[in-house]
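Scope of the values below: all heavy atoms of this structure, side chains included, with no hydrogens, waters or symmetry mates.
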Amino acid sequence: MEVNEQRWFHEQRRRFIVAEVLDQEQREVASEKAALELWEMYRDGVDPPRFVELARLVAAAPKLSASNRGLAAVLTLDRDQLGVAAAALELIDSGAKHPAVGGDDLLTYAMAAFGSSGDLVAAVEALQERGLLVIVKQESRTAVVPYGWEPLMSAVLSGRAEAELGRRPIPEVGSAVLHLEILPRLGRFRKTHFGLGRPSFQSLGEEAIQLSNPAGGLVVMGGSTDPSLLLRISHAGRPMNAVATFGSEKSRDDALERLRT
(Lines give C-alpha, C1' and ligand atoms only; values in the text may rest on other atoms or scores of the structure.)
Protein backbone atom coordinates (compact mmCIF):
# COMPACT_ATOMS: atom_id res chain seq x y z
CA MET A 1 0.00 0.00 0.00
CA GLU A 2 1.20 3.52 -0.80
CA VAL A 3 0.42 6.96 0.59
CA ASN A 4 1.53 10.01 -1.38
CA GLU A 5 3.43 7.63 -3.65
CA GLN A 6 5.40 6.31 -0.67
CA ARG A 7 5.02 2.76 0.67
CA TRP A 8 3.84 2.37 4.23
CA PHE A 9 6.55 1.48 6.74
CA HIS A 10 5.09 -2.01 7.26
CA GLU A 11 5.15 -2.64 3.51
CA GLN A 12 8.74 -1.40 3.27
CA ARG A 13 9.69 -3.71 6.13
CA ARG A 14 7.89 -6.68 4.56
CA ARG A 15 9.63 -6.20 1.22
CA PHE A 16 13.01 -5.84 2.91
CA ILE A 17 12.54 -9.06 4.87
CA VAL A 18 11.38 -10.97 1.78
CA ALA A 19 14.18 -9.66 -0.44
CA GLU A 20 17.12 -9.47 1.97
CA VAL A 21 16.50 -11.75 4.98
CA LEU A 22 14.75 -14.85 3.64
CA ASP A 23 16.48 -17.26 1.31
CA GLN A 24 14.75 -18.63 -1.79
CA GLU A 25 13.31 -21.69 -0.07
CA GLN A 26 11.99 -19.61 2.82
CA ARG A 27 10.38 -17.16 0.38
CA GLU A 28 8.64 -20.01 -1.42
CA VAL A 29 7.37 -21.53 1.85
CA ALA A 30 6.15 -18.13 3.07
CA SER A 31 4.42 -17.46 -0.26
CA GLU A 32 2.66 -20.83 -0.13
CA LYS A 33 1.43 -20.28 3.42
CA ALA A 34 0.28 -16.76 2.62
CA ALA A 35 -1.51 -17.90 -0.56
CA LEU A 36 -3.39 -20.63 1.29
CA GLU A 37 -4.34 -18.24 4.11
CA LEU A 38 -5.57 -15.66 1.61
CA TRP A 39 -7.54 -18.31 -0.25
CA GLU A 40 -9.22 -19.40 2.99
CA MET A 41 -10.09 -15.75 3.73
CA TYR A 42 -11.72 -15.48 0.30
CA ARG A 43 -13.66 -18.71 0.77
CA ASP A 44 -14.85 -17.38 4.13
CA GLY A 45 -16.29 -14.34 2.37
CA VAL A 46 -13.67 -11.60 2.71
CA ASP A 47 -14.66 -8.64 0.53
CA PRO A 48 -13.27 -7.54 -1.78
CA PRO A 49 -11.30 -10.66 -2.74
CA ARG A 50 -7.62 -9.85 -3.33
CA PHE A 51 -7.16 -11.93 -6.46
CA VAL A 52 -4.15 -9.98 -7.75
CA GLU A 53 -2.24 -10.63 -4.55
CA LEU A 54 -3.38 -14.26 -4.55
CA ALA A 55 -2.08 -14.76 -8.11
CA ARG A 56 1.28 -13.20 -7.20
CA LEU A 57 1.67 -15.42 -4.14
CA VAL A 58 0.71 -18.60 -5.99
CA ALA A 59 3.22 -17.76 -8.73
CA ALA A 60 5.91 -17.44 -6.06
CA ALA A 61 5.06 -20.85 -4.55
CA PRO A 62 6.20 -23.45 -7.12
CA LYS A 63 5.43 -26.43 -4.88
CA LEU A 64 1.79 -25.33 -4.74
CA SER A 65 1.40 -25.27 -8.50
CA ALA A 66 3.61 -28.35 -9.08
CA SER A 67 0.91 -30.55 -7.57
CA ASN A 68 -1.87 -28.98 -9.64
CA ARG A 69 -1.56 -29.22 -13.42
CA GLY A 70 -4.39 -26.81 -14.10
CA LEU A 71 -3.02 -24.20 -11.72
CA ALA A 72 0.43 -24.52 -13.29
CA ALA A 73 -1.13 -24.02 -16.73
CA VAL A 74 -2.95 -20.86 -15.65
CA LEU A 75 0.31 -19.38 -14.34
CA THR A 76 2.10 -19.81 -17.69
CA LEU A 77 -0.53 -18.39 -20.09
CA ASP A 78 0.66 -15.60 -22.36
CA ARG A 79 -1.39 -12.42 -22.82
CA ASP A 80 -3.68 -13.68 -25.60
CA GLN A 81 -4.20 -17.05 -23.94
CA LEU A 82 -5.02 -15.24 -20.71
CA GLY A 83 -7.58 -13.06 -22.52
CA VAL A 84 -9.27 -16.05 -24.12
CA ALA A 85 -9.38 -17.91 -20.79
CA ALA A 86 -10.82 -14.83 -19.04
CA ALA A 87 -13.46 -14.54 -21.78
CA ALA A 88 -14.37 -18.21 -21.29
CA LEU A 89 -14.71 -17.61 -17.55
CA GLU A 90 -17.28 -14.88 -18.24
CA LEU A 91 -19.15 -16.54 -21.08
CA ILE A 92 -19.53 -20.16 -19.98
CA ASP A 93 -22.18 -20.91 -17.37
CA SER A 94 -21.08 -23.99 -15.46
CA GLY A 95 -24.66 -24.65 -14.37
CA ALA A 96 -26.00 -24.79 -17.91
CA LYS A 97 -27.21 -28.05 -19.41
CA HIS A 98 -24.43 -27.82 -21.98
CA PRO A 99 -21.71 -25.49 -20.63
CA ALA A 100 -20.01 -24.35 -23.81
CA VAL A 101 -19.53 -21.33 -26.07
CA GLY A 102 -19.17 -21.02 -29.81
CA GLY A 103 -15.58 -20.66 -30.95
CA ASP A 104 -16.25 -17.47 -32.94
CA ASP A 105 -18.19 -15.95 -30.04
CA LEU A 106 -15.33 -16.70 -27.64
CA LEU A 107 -12.69 -15.06 -29.85
CA THR A 108 -14.84 -12.00 -30.59
CA TYR A 109 -15.54 -11.56 -26.89
CA ALA A 110 -11.87 -11.95 -25.95
CA MET A 111 -11.00 -9.13 -28.37
CA ALA A 112 -13.82 -6.83 -27.23
CA ALA A 113 -13.66 -7.42 -23.48
CA PHE A 114 -9.98 -8.16 -22.82
CA GLY A 115 -8.10 -6.61 -25.71
CA SER A 116 -6.74 -9.85 -27.16
CA SER A 117 -5.32 -9.13 -30.60
CA GLY A 118 -2.91 -11.88 -31.65
CA ASP A 119 -3.49 -15.32 -33.15
CA LEU A 120 -6.49 -16.24 -31.02
CA VAL A 121 -7.13 -19.52 -32.81
CA ALA A 122 -3.63 -20.57 -31.74
CA ALA A 123 -4.44 -19.31 -28.23
CA VAL A 124 -7.51 -21.56 -28.02
CA GLU A 125 -5.48 -24.52 -29.30
CA ALA A 126 -2.81 -23.80 -26.67
CA LEU A 127 -5.45 -23.80 -23.94
CA GLN A 128 -6.63 -27.17 -25.22
CA GLU A 129 -3.08 -28.54 -25.21
CA ARG A 130 -2.70 -27.40 -21.58
CA GLY A 131 -5.89 -29.24 -20.62
CA LEU A 132 -7.98 -26.14 -19.85
CA LEU A 133 -10.41 -26.28 -22.78
CA VAL A 134 -11.88 -28.92 -25.05
CA ILE A 135 -12.66 -28.05 -28.68
CA VAL A 136 -15.68 -29.83 -30.12
CA LYS A 137 -16.22 -29.66 -33.90
CA GLN A 138 -19.42 -30.67 -35.65
CA GLU A 139 -19.81 -29.95 -39.34
CA SER A 140 -19.12 -26.21 -39.74
CA ARG A 141 -19.56 -25.33 -36.07
CA THR A 142 -16.93 -25.24 -33.34
CA ALA A 143 -17.72 -25.15 -29.62
CA VAL A 144 -15.37 -24.66 -26.70
CA VAL A 145 -15.94 -26.41 -23.37
CA PRO A 146 -14.02 -25.77 -20.10
CA TYR A 147 -12.25 -28.72 -18.54
CA GLY A 148 -11.20 -29.26 -14.93
CA TRP A 149 -11.54 -25.65 -13.80
CA GLU A 150 -11.27 -25.48 -10.02
CA PRO A 151 -12.16 -22.42 -7.91
CA LEU A 152 -8.52 -21.64 -7.07
CA MET A 153 -7.60 -21.78 -10.76
CA SER A 154 -10.39 -19.34 -11.62
CA ALA A 155 -9.32 -17.02 -8.80
CA VAL A 156 -5.69 -16.96 -9.97
CA LEU A 157 -6.86 -16.42 -13.55
CA SER A 158 -8.98 -13.51 -12.34
CA GLY A 159 -6.02 -12.01 -10.50
CA ARG A 160 -3.75 -12.26 -13.52
CA ALA A 161 -6.41 -10.76 -15.80
CA GLU A 162 -6.96 -7.85 -13.42
CA ALA A 163 -3.22 -7.17 -13.10
CA GLU A 164 -2.20 -7.74 -16.73
CA LEU A 165 -5.31 -7.00 -18.80
CA GLY A 166 -6.81 -4.26 -16.68
CA ARG A 167 -10.09 -5.92 -15.77
CA ARG A 168 -11.19 -8.73 -13.51
CA PRO A 169 -13.52 -11.15 -15.30
CA ILE A 170 -16.99 -11.62 -13.88
CA PRO A 171 -17.64 -15.38 -13.75
CA GLU A 172 -20.77 -16.37 -15.67
CA VAL A 173 -21.62 -12.71 -16.27
CA GLY A 174 -24.70 -13.50 -18.35
CA SER A 175 -26.24 -15.57 -15.57
CA ALA A 176 -25.37 -12.87 -13.02
CA VAL A 177 -27.05 -10.13 -15.07
CA LEU A 178 -30.09 -12.33 -15.70
CA HIS A 179 -30.63 -13.17 -12.04
CA LEU A 180 -29.76 -9.77 -10.57
CA GLU A 181 -31.17 -7.36 -13.16
CA ILE A 182 -33.71 -9.08 -15.41
CA LEU A 183 -35.54 -11.81 -13.49
CA PRO A 184 -36.64 -9.51 -10.62
CA ARG A 185 -38.44 -7.33 -13.20
CA LEU A 186 -40.16 -10.07 -15.16
CA GLY A 187 -42.81 -10.87 -12.59
CA ARG A 188 -44.75 -14.04 -13.36
CA PHE A 189 -42.94 -15.52 -16.33
CA ARG A 190 -42.80 -19.13 -17.47
CA LYS A 191 -39.38 -19.72 -18.97
CA THR A 192 -36.27 -17.76 -19.80
CA HIS A 193 -33.19 -18.27 -21.89
CA PHE A 194 -30.16 -15.99 -22.19
CA GLY A 195 -26.91 -15.74 -24.06
CA LEU A 196 -24.08 -13.31 -24.74
CA GLY A 197 -23.52 -11.75 -28.13
CA ARG A 198 -25.79 -10.27 -30.76
CA PRO A 199 -28.01 -12.95 -32.32
CA SER A 200 -30.68 -12.03 -34.86
CA PHE A 201 -34.27 -11.47 -33.84
CA GLN A 202 -35.09 -14.53 -35.93
CA SER A 203 -32.93 -16.76 -33.75
CA LEU A 204 -34.39 -15.21 -30.60
CA GLY A 205 -37.87 -15.84 -31.98
CA GLU A 206 -36.95 -19.47 -32.50
CA GLU A 207 -35.78 -19.61 -28.87
CA ALA A 208 -39.17 -18.26 -27.78
CA ILE A 209 -40.95 -21.03 -29.68
CA GLN A 210 -38.70 -23.64 -28.08
CA LEU A 211 -39.38 -22.24 -24.61
CA SER A 212 -43.12 -22.63 -25.22
CA ASN A 213 -42.62 -26.35 -25.74
CA PRO A 214 -43.62 -28.13 -22.48
CA ALA A 215 -41.04 -30.91 -22.97
CA GLY A 216 -38.33 -30.70 -20.32
CA GLY A 217 -37.36 -27.83 -18.03
CA LEU A 218 -40.01 -26.01 -16.02
CA VAL A 219 -43.64 -27.01 -16.31
CA VAL A 220 -45.46 -24.95 -18.91
CA MET A 221 -49.15 -24.33 -18.11
CA GLY A 222 -50.26 -23.00 -21.47
CA GLY A 223 -50.34 -23.47 -25.19
CA SER A 224 -47.53 -23.29 -27.69
CA THR A 225 -48.14 -19.61 -28.54
CA ASP A 226 -47.32 -17.99 -25.20
CA PRO A 227 -46.58 -14.22 -25.39
CA SER A 228 -42.83 -13.56 -25.28
CA LEU A 229 -40.30 -10.79 -24.76
CA LEU A 230 -37.17 -10.73 -26.90
CA LEU A 231 -34.43 -8.61 -25.31
CA ARG A 232 -31.20 -7.35 -26.84
CA ILE A 233 -29.31 -5.43 -24.19
CA SER A 234 -25.83 -4.41 -23.12
CA HIS A 235 -24.15 -4.71 -19.74
CA ALA A 236 -20.94 -2.72 -19.18
CA GLY A 237 -20.37 -2.69 -22.91
CA ARG A 238 -20.92 -6.44 -23.24
CA PRO A 239 -23.91 -7.38 -25.46
CA MET A 240 -26.30 -10.07 -24.30
CA ASN A 241 -29.74 -11.32 -25.22
CA ALA A 242 -32.61 -12.90 -23.35
CA VAL A 243 -36.03 -14.32 -24.19
CA ALA A 244 -38.87 -14.94 -21.75
CA THR A 245 -42.31 -16.47 -22.20
CA PHE A 246 -45.42 -15.50 -20.24
CA GLY A 247 -48.87 -16.88 -19.55
CA SER A 248 -50.68 -13.77 -20.76
CA GLU A 249 -50.13 -10.64 -22.78
CA LYS A 250 -50.74 -8.55 -19.67
CA SER A 251 -47.94 -10.30 -17.77
CA ARG A 252 -45.64 -9.71 -20.72
CA ASP A 253 -46.60 -6.05 -21.07
CA ASP A 254 -46.20 -5.43 -17.32
CA ALA A 255 -42.72 -6.95 -17.48
CA LEU A 256 -41.86 -4.77 -20.45
CA GLU A 257 -42.79 -1.63 -18.51
CA ARG A 258 -40.66 -2.71 -15.55
CA LEU A 259 -37.71 -3.41 -17.82
CA ARG A 260 -37.98 0.03 -19.38
CA THR A 261 -37.59 1.80 -16.04
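Looking at every heavy atom in both residues, P146 comes nearest to L133 through CA-CD2, 3.9 Å. Heavy-atom minimum distance, A161 versus P169: CB-CD, 3.6 Å. Minimum interatomic distance between L54 and A155 (heavy atoms only, all atoms of both residues): CD2-CB, 3.7 Å. Annotation for S248 and P227: closest pair C-CG, 3.6 Å, computed over non-hydrogen atoms. Considering every non-hydrogen atom in both Q128 and I135, the closest pair reads OE1-N, 3.1 Å. Nearest approach of L64 to A35, heavy atoms of both residues: CD2-CB, 4.2 Å.
Interatomic distance, R258 CZ to D253 CG, rounded to the nearest 0.5 Å: 10.5 Å. The CG atom of L38 lies 10.0 Å from the CD atom of E40; values are rounded to the nearest 0.5 Å. Residue M111 holds its CE atom at 8.5 Å from OG of S116, rounded to the nearest 0.5 Å. Rounding to the nearest 0.5 Å gives a distance of 8.5 Å between CG of L57 and CZ of R50. Put simply, CG on L89 and CD1 on I170 are 10.0 Å apart, with the number rounded to the nearest 0.5 Å. Between L36 atom CG and R43 atom CZ the span is 10.5 Å, to the nearest 0.5 Å.
In this structure, a donor-acceptor pair under 3.5 Å is absent between the side chains of T245 and R252.
If you chain together hydrophobic residues whose side chains sit under 4.5 Å apart, V136 and V124 never meet in one group. Under the 4.5 Å side-chain heavy-atom criterion for Ile, Leu, Val, Met, Phe, Trp and Tyr, Y109 and V145 are members of distinct hydrophobic clusters. Taken together through direct or relayed side-chain contacts under 4.5 Å among Ile, Leu, Val, Met, Phe, Trp and Tyr, L127 and Y147 form parts of separate hydrophobic clusters. Two different hydrophobic clusters hold V52 and V74 under the rule that ILVMFWY side chains link at heavy-atom gaps under 4.5 Å. If you chain together hydrophobic residues whose side chains sit under 4.5 Å apart, L75 and L132 fall into the same group.
In this structure, E32 and V58 have side chains that are not in contact, with every pair of non-hydrogen atoms separated by 4.5 Å or more. Residues M153 and S65 form no side-chain contact, since every pair of their non-hydrogen atoms from C-beta on lies 4.5 Å or further apart. Annotation: side chain of P151 is in contact with side chain of W39 (closest heavy-atom distance under 4.5 Å). Looking at D254 and E257, their side chains never come closer than 4.5 Å, going by heavy atoms from C-beta outward.
For residues 79-89, every residue pair satisfying the side-chain hydrogen bond (donor to acceptor under 3.5 Å, both in side chains) rule, not counting sequence neighbours, is listed here: D78-Q81. Judged as a side-chain hydrogen bond (donor to acceptor under 3.5 Å, both in side chains), the pairs with a partner in residues 151-161 (not counting sequence neighbours) are, in order, R160-E164.
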* **side chain to side chain contact (heavy atoms under 4.5 Å, CB included) evaluation trace for L186 with F246** => CA-CA 9 Å; L186 290 184; F246 298 84; 4.0 Å; yes
* To do: Show your reasoning for whether side chain to side chain contact (heavy atoms under 4.5 Å, CB included) applies to T142 and D104.
  => CA-CA 8 Å; T142 300; D104 290 343; over 6 Å; no
* Please step through side chain to side chain contact (heavy atoms under 4.5 Å, CB included) for the pair L91 and V144, ending with a clear verdict. => CA-CA 11 Å; L91 289 175; V144 178; over 6 Å; no
* To do: In sequence, state the C-alpha distance, the side-chain angles, and the governing distance for L259 and L229, and then conclude on side chain to side chain contact (heavy atoms under 4.5 Å, CB included).
  => CA-CA 10 Å; L259 287 165; L229 277 180; 3.9 Å; yes
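The number of heavy atoms from other shown groups lying within 6.0 Å of CD (E37) does not exceed 12. At most 12 heavy atoms of other shown residues, nucleotides or ligands fall within 6.0 angstrom of atom CZ in R69.
Judged as a ring pair (Phe, Tyr, Trp, His ring centres under 6.0 Å), and not counting sequence neighbours, W149 has no contacts.
Both cation-pi conditions hold for R167 and F114: the charged atom is under 6.0 angstrom from the six-membered ring centre and inside a 45 degree cone around its axis.
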